[in-house]
Amino acid sequence: MTAPAATRASLSRRLAPVHRVAACSAVVSGVALLIAGCVSTAPGPAPSTRSESASSYNLQLGVAYLQKGDLALAKEKIDRALKQNPRDPNAQSTRALLAERLGNEADADRYYRAAIRLAPANPDISNNYAVFLCRTGRVDDGVQRFVAAARNPLYNTPEAAYTNAGVCLRGANRADEAAENFARALQKRPNHIEAVLQLGELDLNRGQVGSARIVVEQFVGSFRASPELLFLLVRICRAQGDRVSEERYSRRLRVDFPNSDQVRQLPATNNPRTTG
C-alpha cells in the first residue's frame, strides 16, 4: 500500500526517529517530537584504529553540519567517514538520513539496509528505518519494524515505537489497528501524553466521541495536562453539545496555558475578553 503525498507529509511531521549524538539533545516523545536537525548515531564501540578514530571524528563533523542545514559539507564529512570505516552502522544510518534530506529515497533505503545488516540488533536504527518506510508508503514493513523495536529489551522507549506504529497505521486509514498500538503504548507508559492525544483525536475523528472523552479525561485526571489535550477536550465537549464542560476546559486552558497557540484557537464565544 502506498500512502498519498499528503499522508506522507503528515507522517514526516509526526513520526519520531531516535536520534542520539553528543550535539543533539532531542528526546523521543512519541510522534509529535520531530527530528529538528538531529541524526541517528547511537553509541557504538570505541574506535580501535586510527582509521576508525578519523571516521568517528568526521562523522561528528558531518552530524554538526547536517544539524546546521549545510548539506554539502555534511555529505563531504559523512562520505569521508564511510570511506574510512564502511562497517560503522552509525555512519551508514546517518548517511541514510542525509539521503532523505537530499530527496534520494533509493539511496536512503540502501544505506539504512546496510546499517541494519551491520547492526541487526540495534533497535534505534531499526526504528529510524521504520520511520523512513512509513514516510515512503511501506506501511506494513514500517509497522513490523516499530513493533520489533518496541519488543526489543534493549530499546528504552517502547511506548514511542508503538505510538509511531499507530501514527503510521492512522495515516493509512487503518484506524482499529492504530488504536491498538496507541493502547499498547499507554500500557507501557500510562503517562505517555502523545499516545493519549493520538488515540483521543482518532476516536473523535471517527465518531467515537464518548470513548475519546473517557480516554482523555482519565489521563488529565491522573497526569499533568498539556494545551493540546485541553483543547482536544474542548473539541470533544463541543461535539457532544456539552457547553458547560466545554467552557470549563476552555477556562482551564486559558488559565494554565495563557500564551499557547490553543488559546488563540478558542472560539471568540469562549473568550470572556471578547464577549459583552
Side-chain angles (χ1 to χ4, degrees), residues 10-11 13-16 18 27-34 127 134 143 146-147 149-151 155-267 269-272:
S10 176
L11 287 169
R13 289 191 298 272
R14 287 186 173 273
L15 286 165
V18 178
V27 177
V28 172
S29 177
V31 292
L33 174 105
L34 303 182
N127 184 85
C134 285
V143 169
F146 281 133
V147 172
R151 292 174 177 171
Y155 191 58
N156 294 325
T157 55
E159 70 279 359
Y162 279 128
T163 307
N164 275 340
V167 170
C168 188
L169 289 160
R170 184 181 174 189
N173 297 315
R174 292 159 63 175
D176 289 343
E177 295 170 85
E180 290 173 2
N181 279 279
F182 296 141
R184 290 188 186 108
L186 290 170
Q187 287 174 352
K188 290 291 183 180
R189 183 180 159 199
N191 67 337
H192 188 47
I193 198 166
E194 185 60 34
V196 77
L197 180 62
Q198 287 288 331
L199 182 55
E201 287 184 344
L202 176 65
D203 282 346
L204 175 61
N205 292 340
R206 62 178 175 166
Q208 297 183 7
V209 185
S211 296
R213 183 166 180 173
I214 290 171
V215 166
V216 182
E217 282 192 330
Q218 285 180 343
F219 186 95
V220 169
S222 301
F223 306 106
R224 177 175 170 79
S226 71
E228 293 83 4
L229 280 179
L230 291 175
F231 187 65
L232 177 56
L233 278 170
V234 170
R235 292 164 52 206
I236 290 170
C237 293
R238 187 182 309 142
Q240 290 182 317
D242 185 349
R243 294 286 296 168
V244 173
S245 296
E246 178 186 349
E247 175 55 29
R248 175 162 54 89
Y249 286 119
S250 296
R251 188 182 307 113
R252 181 174 172 183
L253 177 58
R254 289 193 297 268
V255 170
D256 292 353
F257 304 99
N259 299 316
S260 66
D261 291 338
Q262 287 72 27
V263 166
R264 289 187 282 273
Q265 295 176 55
L266 287 173
T269 54
N270 281 348
N271 193 331

Self-check item: Atom pair CG (L233) and CZ (R248), whose distance is rounded to the nearest 0.5 Å
Solution: 8.5 Å

Exercise. List the atom of V209, the atom of A239, and the distance in Å for their closest heavy-atom pair.
Key: CG1-CB, 4.1 Å

Self-check item: Gap separating the CD1 atom of I214 from the CD1 atom of I236, nearest 0.5 angstrom
Solution: 10.5 Å

Quiz item: Does the side-chain contact (heavy atoms from CB on, under 4.5 Å) test come out yes or no for V167 and F182, once each step is laid out?
Solution: CA-CA 8 Å; V167 170; F182 296 141; 4.1 Å; yes

Exercise. With rounding to the nearest 0.5 Å, note down the distance linking NE2 in H192 to OH in Y162.
Key: 12.5 Å

Quiz item: Which pairs pass ring pair (Phe, Tyr, Trp, His ring centres under 6.0 Å) with one or both residues in residues 198-243, sequence neighbours excluded?
Solution: F219-F223

Self-check item: E247/R254 salt bridge by N-O under 4.0 Å criterion
Solution: yes

Quiz item: If you measure from OG1 on T163 to CD1 on I193, what distance do you get to the nearest 0.5 Å?
Solution: 12.0 Å

Exercise. Please lay out, stage by stage, how T157 and Y155 fare under the test side-chain contact (heavy atoms from CB on, under 4.5 Å).
Key: CA-CA 6 Å; T157 55; Y155 191 58; 3.5 Å; yes

Self-check item: Heavy-atom check, side chain of D261 versus side chain of P227, under 4.5 Å
Solution: no

Self-check item: Minimal non-hydrogen separation, G166 against A178, with atom names
Solution: O-CB, 3.3 Å

Practice problem: Give the minimum heavy-atom separation between A212 and L204, together with the two atoms involved. | Solution: CB-N, 3.8 Å

Quiz item: If you look at every heavy atom in F146 and A161, which pair is closest and at what distance?
Solution: O-CB, 3.4 Å

Quiz item: Do Q262 and L230 pass the side-chain contact (heavy atoms from CB on, under 4.5 Å) test, and can you show the C-alpha distance, the side-chain angles, and the key distance before you say yes or no?
Solution: CA-CA 9 Å; Q262 287 72 27; L230 291 175; over 6 Å; no

Practice problem: To the nearest 0.5 angstrom, please state how far the CZ atom of R189 sits from the CD atom of E194. | Solution: 11.0 Å

Quiz item: What pairs with E217 under salt bridge (charged side-chain N to carboxylate O under 4.0 Å, His left out), at least two apart in sequence or on another chain?
Solution: R213

Exercise. Let me see the working for R235 and E201 under side-chain contact (heavy atoms from CB on, under 4.5 Å), right down to the final yes or no.
Key: CA-CA 10 Å; R235 292 164 52 206; E201 287 184 344; 3.9 Å; yes

Practice problem: Can you see which heavy atom on V216 is nearest to which on G200, and at what distance? | Solution: CG2-CA, 4.0 Å

Quiz item: So, are D176 and R206 salt-bridged, with charged N and O less than 4.0 Å apart?
Solution: yes

Quiz item: Which heavy atom in P158 sits nearest to a heavy atom in A150, and how many Å separate them?
Solution: CB-O, 3.3 Å

Practice problem: Please round to the nearest 0.5 Å and tell me the distance separating atom CZ of R224 and atom CG of L229. | Solution: 11.5 Å

Practice problem: Flag the pair V220 / R252 as yes when at least one side-chain heavy-atom distance between them is below 4.5 Å, and no otherwise. | Solution: yes

